[in-house]
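See below for the structure under consideration.
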Amino acid sequence: TVAKYYFQSHKRNRMKLHAKNILSLLMGDVAVRVLGFIATVYLARVLGSESYGTINFGMAVLSYGLLCSSPGLHIIGTKFISRKNVNEQRFIYSITSTRFFLAIAACVFVYVLSFMFIHNEQLRITSILFSFSLLPMASHIEWYFQGKENISAVSVGKFSWSLLYTIGILLFITSHNDFRIVPIVFFAAVSIQAIILFVQYKKQLPVEKIPTPSDVHFSRSELLKISLPLGSATIIAQAFITLPTILLGFFSFPSDIANYSIASKLVFFVLAIDRIMYMLFFPFVARLHYRSPKTLQQYMPIIFKYIIIVCLPITVGGGILAKPLLLLIFGAQYSESAVLLQILLWYFLFTILNSFFSYTLIAIGEEKYYSRATSFILIAAMIAMIPCTYYFASLGVSEIVVLGELLLVIFIYNKARNYFYFVQMKTLFAPAVSTIAMSCFLVFFSYIHIVILLPLAALVYVVLLVIFRGIQKEDVLF
């Protein structure tokens, strides 16, 4: 009886924690995405397509530098913090100091390589200015709070950065000639975010843990040795995302970069779902598999079902509404982005599925397979991306991005299903039929303004989902 009471009490506490984390993440992420969206729309309209394309090229270079300064270290950090088998203060110091040294090296590489390969002066200077942000970003300890499942601390840090960045953009960017101020504002925002995260850590500073035989200790070289297999795959995956912008910078015009960036920005806006997967699902699976692997199985089909219910209508419905949505938000100068958005929305769906299966493999210790599969498929896709960008510009690169992600989902799923079963065909019927009906509604009533049409379509989908029993009581309780 006592054991049963303890189990039920522990389960209730875990449910409260999950509910609190989900609420914190949703509120924080919605606020961050909205602020980021405001900044994106403002920059796109004020800077114009050429200057906006230059900014996005610089951000793509920053993304490469960020990957080199943290080759999987933040993921490894989250994994071991969630397991509670390390001395936290020493572990944070080891991770942060390693990332800082790598960030310095990445800044030097960006500076040298930009003069060697980037001949456009505006692109070169913007890239160098953005690379300075690697230094404060190396000290970000979001991964620690994620491992502790303190999602509210992560949300506060993200919101602070997004708010400061957006305010800075609105105050200091007034014409297309101000594009070089953007990386300076970005640097200031991420620096303040680092301070806020550190202050939150000091407030809940854990008591120095007495070393035990079960504690795991790592030197910097050991951390790199563990993280590099996972980090190499992460670098390749991120390179796959940012390479289109780089290639368009070499083979096309800044305006073409802008069109691709506008479409991809909208896709990344709805990829907030992927962030939820990373922030909540990954530590949950890592902890549960470490403590009770058998218990983990019952959750997998339910999570897969939620993914399909949320992502399928966004992909299909978003494709139908692509052009009116772009005209409403960004204006007629970016109307050519509509076809790119229709293609890249499938990347959104495949990315969410890939994250689900990939984080499952990483959590159960299959990092090496994940790394090999990711490296092989995405390197092949990036090689194919070069001629496709040269001959077909943004259209060709968008198709390769989607195809590469689809192939990766197939490979990762085939490995993950050896450990868990995910798909129950009966659970796919309701979201599939509801999505088809919603799509017909969108096409038939396309003459209605999108501001009214969008919520009506969402209502149609939800009502049909309930009618076809797509959401049941046990799903809600989960």
Side-chain angles (χ1 to χ4, degrees), residues 55-78 80-81 88-118 121 123-146 157-158 160-161 164-165 168 180-199 201-202 217-239 241-243 245-246 249:
I55 291 299
N56 279 276
F57 184 87
M59 287 185 171
V61 173
L62 173 65
S63 298
Y64 278 102
L66 185 59
L67 290 170
C68 294
S69 66
S70 183
L73 288 169
H74 56 294
I75 299 178
I76 293 297
T78 297
F80 282 101
I81 288 294
E88 293 180 0
Q89 295 180 47
R90 296 177 185 175
F91 191 64
I92 290 173
Y93 174 78
S94 297
I95 293 281
T96 304
S97 59
T98 304
R99 292 181 65 186
F100 188 76
F101 287 127
L102 292 174
I104 294 175
C107 284
V108 174
F109 274 111
V110 169
Y111 183 82
V112 173
L113 294 177
S114 64
F115 277 94
M116 292 175 61
F117 298 107
I118 303 176
E121 183 181 358
L123 293 179
R124 182 172 63 248
I125 294 176
T126 303
S127 300
I128 294 172
L129 289 175
F130 267 114
S131 70
F132 292 139
S133 295
L134 292 172
L135 300 177
M137 293 175 80
S139 61
H140 286 184
I141 54 173
E142 288 181 328
W143 55 269
Y144 165 78
F145 292 112
Q146 182 189 349
K158 281 285 186 183
S160 302
W161 166 82
L164 291 169
Y165 175 70
R180 290 182 182 175
I181 300 177
V182 176
I184 299 174
V185 172
F186 189 91
F187 176 87
V190 295
S191 298
I192 295 174
Q193 181 188 4
I195 295 172
I196 291 173
L197 289 171
F198 180 74
V199 169
Y201 169 73
K202 293 292 288 185
H217 304 279
F218 300 105
S219 64
R220 291 194 186 102
S221 59
E222 289 172 333
L223 281 171
L224 288 173
K225 185 178 179 180
I226 295 171
S227 66
L228 277 176
L230 178 60
S232 62
T234 306
I235 290 173
I236 292 171
Q238 189 65 32
I241 296 173
T242 54
L243 185 60
T245 303
I246 301 295

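Values below: every heavy atom of this structure, side chains too, minus hydrogens, waters and symmetry copies.
Using bins of under 30°, 30° to 60° and over 60° for the plane-to-plane angle, the ring pair Phe198/Tyr201 lands in the tilted bin.
Between Phe186 and Met137, some side-chain heavy-atom pair lies under the 4.5 Å cut-off. Looking only at side-chain heavy atoms (C-beta outward), Phe187 and Val185 stay at 4.5 Å or farther from each other. At least one side-chain heavy atom of Trp143 sits less than 4.5 Å from a side-chain heavy atom of Arg99. Contact of the Val182 side chain with the Phe130 side chain is registered, since non-hydrogen atoms from C-beta on lie closer than 4.5 Å. Taking 4.5 Å as the limit, some side-chain heavy atom of Ser69 sits within range of a side-chain heavy atom of Leu66.
Rounding to the nearest 0.5 Å gives a distance of 11.0 Å between CD1 of Ile195 and OG of Ser160.
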Evaluate the criterion side chain to side chain contact (heavy atoms under 4.5 Å, CB included) for residue pair Gln193 and Tyr165; output intermediate values, then yes/no.
CA-CA 10 Å; Gln193 181 188 4; Tyr165 175 70; over 6 Å; no

Evaluate side chain to side chain contact (heavy atoms under 4.5 Å, CB included) for Thr126 paired with Phe57, printing each intermediate quantity in order.
CA-CA 8 Å; Thr126 303; Phe57 184 87; over 6 Å; no

Begin with the C-alpha distance, continue with both residues' side-chain angles, and end with the deciding distance and a verdict on side chain to side chain contact (heavy atoms under 4.5 Å, CB included) for His140 and His74.
CA-CA 9 Å; His140 286 184; His74 56 294; over 6 Å; no

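Partners of Thr242 by side-chain hydrogen bond (donor to acceptor under 3.5 Å, both in side chains), not counting sequence neighbours, listed by chain and number: Tyr64. For Phe145, the ring pair (Phe, Tyr, Trp, His ring centres under 6.0 Å) test picks out no residue, with sequence neighbours left out.
When each of Val61, Ile128, Ile55, Ile118 is checked for a side-chain contact (heavy atoms from CB on, under 4.5 Å) with Leu123, only Ile118 meets the rule.
Across Tyr144 and Ile92, no two heavy atoms sit closer than the pair CD1-CD1, 3.5 Å. When all heavy atoms are compared, the tightest approach of Ser131 to Leu62 is CA-CD1, 4.4 Å. Annotation for Pro136 and Ala194: closest pair O-CB, 3.8 Å, computed over non-hydrogen atoms.
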Using a 3.5 Å cut-off and no angle test, enumerate the donor-acceptor pairs between side-chain atoms of residues 103-116 and protein atoms at least two apart in sequence or in another chain.
from   : atom 1 : to     : atom 2 : distance (Å)
Ser114 : OG     : Val110 : O      : 3.0
Ser114 : OG     : Tyr111 : O      : 2.8

